[in-house]
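What follows is a set of notes on a single structure, which appears directly below.
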Amino acid sequence: MTLRTARGLAVAYLALFLLAVIWPGALVASRIRPFVLGLPFAFFWYAAWIFFSLPVLYLLDRVERRHRDGGEG
Amino acid sequence: MERWVWVTVIIAVYLLANLVIGLMAGRRSTKSVTGFVAADRSFGLVIMYFVTGATVFSSFAFLGGPGWAYSRGAAAFYILAYGVLGMAPFYWVGPRIADLGRRLGHVTQAQLIAGRFPSRSLSALIAVISLIAFVPYITLQIEGAGIVITSVTDGHIPFWLGGLLAYGIVILYVLVSGAVAVGWTNTFQGIFMVVIAWALGIYLPYHLYGGIGPMFEGIANARPELLVPPGLTPTGQPWSWGSYSTYILVSVIGFMMWPHLFMKAYTAKNDDTLRRTVMLFPTFQLFLIPVFLIGFSGVLFPQAPTDPDSILPFMILHTQLPAVVVGLFCAGALAASMSTGDALVHAAASILVEDGIWPFVPMTERARRILMRVLVLLTGAVAYYLALNSGTSLVQLLATAYGVISQLAPPVFAALYWRRATTAGVIAGLVAGIVTAEIFFFHPALKPLGIHEGILGLVVQVPVLVVVSLLTSRQSQEHLDEFFPSGAEAKRTAEAG
């Protein structure tokens, strides 16, 4: 994966994250059911966005690191 | 032996451990200003991870978080939303700040801004803003520590003594060891609060309701309004989406602008450490989940505490937990309070000297270090005095803090990324932003759609900054080259660091 793609992906994820937790995006998840992992849907929604930022940032870091080690600038 | 005695013993052991760790840490640091303020830029990944996490999560998260979930329901989710979003941009911004810090000798946020936009008034203005935001924040941490200690010892240790003990120790290790002590104790405190929060957050729902799912089933039947954003206001009315959403926005923007967090960029050993700290931060943010579960477990509990913020100690004391667990919980809550309080006290003193006094009064390095220590003591004393004599006005002051702190974002980003920005533009913008935020803070009825005053301040600040900058003459090329090195040069510097 190129640096451009990895950065684009990370920024896109963060932008979607922001839209998903404020009005109007958050309206989609403003509901109690279905329960997921014992949590009401809205609670799960917020937790899931945090959780999935982990693999996204990990991927970004891997690509950034390889790029720096490769010495391309 | 009675339960409160056991609890007191555990708290005493915990506080002593903090003191020892804090004092031992100082033996590693040099006797320079960089040593006291930025730990000689020496922190590795483990310490950076815990320093950042434990500093972010204060008494507000540990006591206020459950309080919000308990009384305002899904309104608390706003706290879940902003942390990662506020932190993530620092994957790129952090190393940039650290690099400039190493080359130009910055150890505070104001030095970065006033370095790019040379002006002593600007530096002093930022010092004043930081202090206005800090003092009520420290006061609330001391109150948190006092409340916890006095409630779990059934009042045998009074509020004034609890706060004095916990913060006496904080002041002592910050005085002796500076930033290194903050780093090492926060690592200890951070592990403590995370373990305690997860253990209790899972235990309480199972113990009281037979599981997390059954607990929420019960709430969904009895109080469904608590489970959907934007939740409730403190008086139990539905909260508005405009207010909820802009709380998140202003917190995302203001998050890393808190000087005590921003300054952590100067303590990292190298850029990789900074980047990985950002990358791992979401794991710390997940710690809010059990914290909220604790708050939700109080909703259907037959008795209620007098004040929602004490729901956590209330639940602990009313569920027949063994004394050891109560003591450990208390240590966890103290950890949350102290790990933020120490960073705040330390940052307040450092900023006052470096940005508020030194630019006006020439001083030797030794004098600056001594003055910082005097101010650590003074800041602690003022906050302690306020904690004993506070009214509602403090909570009010803290509520405005994010509005004021978020106004530092445009100067920081202009300093780092906009060559055309000028000193006059930044000062004009900052003043306009703060005045706007304050006007709306004191006249909330004027706020359109309940939008947070910090966002309104930014809406005014950014155009003022841009227009005034464009109307004044550009900074010299020589000066700009210091801040915007060419690609190759930047890379060499990064490797050297």
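Per chain, numbering begins at 1; letters A, B, ... match sequence-line order.
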From CA spacing to verdict: side-chain contact (heavy atoms from CB on, under 4.5 Å), B:Met279, A:Glu64
CA-CA 12 Å; B:Met279 182 184 95; A:Glu64 291 251 4; over 6 Å; no
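Atom CG of B:Leu449 sits in a sparse spot, with 12 or fewer heavy atoms from other residues, nucleotides or ligands closer than 6.0 Å. Counting heavy atoms of neighbouring residues, nucleotides and ligands inside a 6.0 Å radius, atom OH of A:Tyr58 does not exceed 12 of them. Atom CZ of A:Arg62 has 12 or fewer heavy atoms from other residues, nucleotides or ligands within 6.0 Å.
Ranked by heavy-atom pairs under 4.5 Å with chain B, the list A:Ile32, A:Val11, A:Ile50 is led by A:Ile50. Among A:Pro40, A:Ala26, A:Ala20, the residue making the largest number of heavy-atom pairs under 4.5 Å with chain B is A:Pro40. When B:Val228, B:Leu85, B:Asp272 are compared by the number of non-hydrogen pairs under 4.5 Å with chain A, B:Leu85 comes out ahead.
There is no contact between B:Leu288 and chain A, counting heavy-atom distances below 4.5 Å. Proximity to chain A is limited to the side chain of B:Tyr91, based on heavy atoms less than 4.5 angstrom apart. With a threshold of 4.5 angstrom between heavy atoms, B:Thr283 approaches chain A through its backbone and through its side chain. At a 4.5 Å heavy-atom cutoff, the contact between B:Phe216 and chain A is made by backbone and side-chain atoms alike. Residue B:Ala81 touches chain A through both its backbone and its side chain, counting heavy-atom pairs closer than 4.5 Å. The contact between B:Leu227 and chain A is made by backbone and side chain atoms together, counting heavy-atom distances below 4.5 Å. With a threshold of 4.5 angstrom between heavy atoms, A:Phe35 approaches chain B through side-chain atoms but not through N, CA, C or O.
Atom CZ of B:Arg276 sits about 13.5 Å away from atom CG of A:Leu57, to the nearest 0.5 Å. Between A:Leu37 atom CG and B:Ile212 atom CD1 the span is 9.0 Å, to the nearest 0.5 Å.
Judged by distance alone, with hydrogens and angles left aside, the side-chain atoms of A:Ser30 form a donor-acceptor pair with the main-chain N or O of B:Pro229 at under 3.5 Å.
Contact check for A:Val21 versus B:Phe77: no side-chain heavy atoms found under the 4.5 Å cut-off.
The residue from A:Trp45, A:Tyr46, A:Trp49 that alone fulfils the side chain to side chain contact (heavy atoms under 4.5 Å, CB included) condition with B:Leu80 is A:Tyr46.
Ring geometry, A:Phe43 versus B:Phe296: the interplanar angle falls from 30° to 60°, so the pair is classed tilted.
Of all heavy-atom pairs spanning B:Pro282 and A:Leu54, the tightest one is CB-CG, 3.8 Å.
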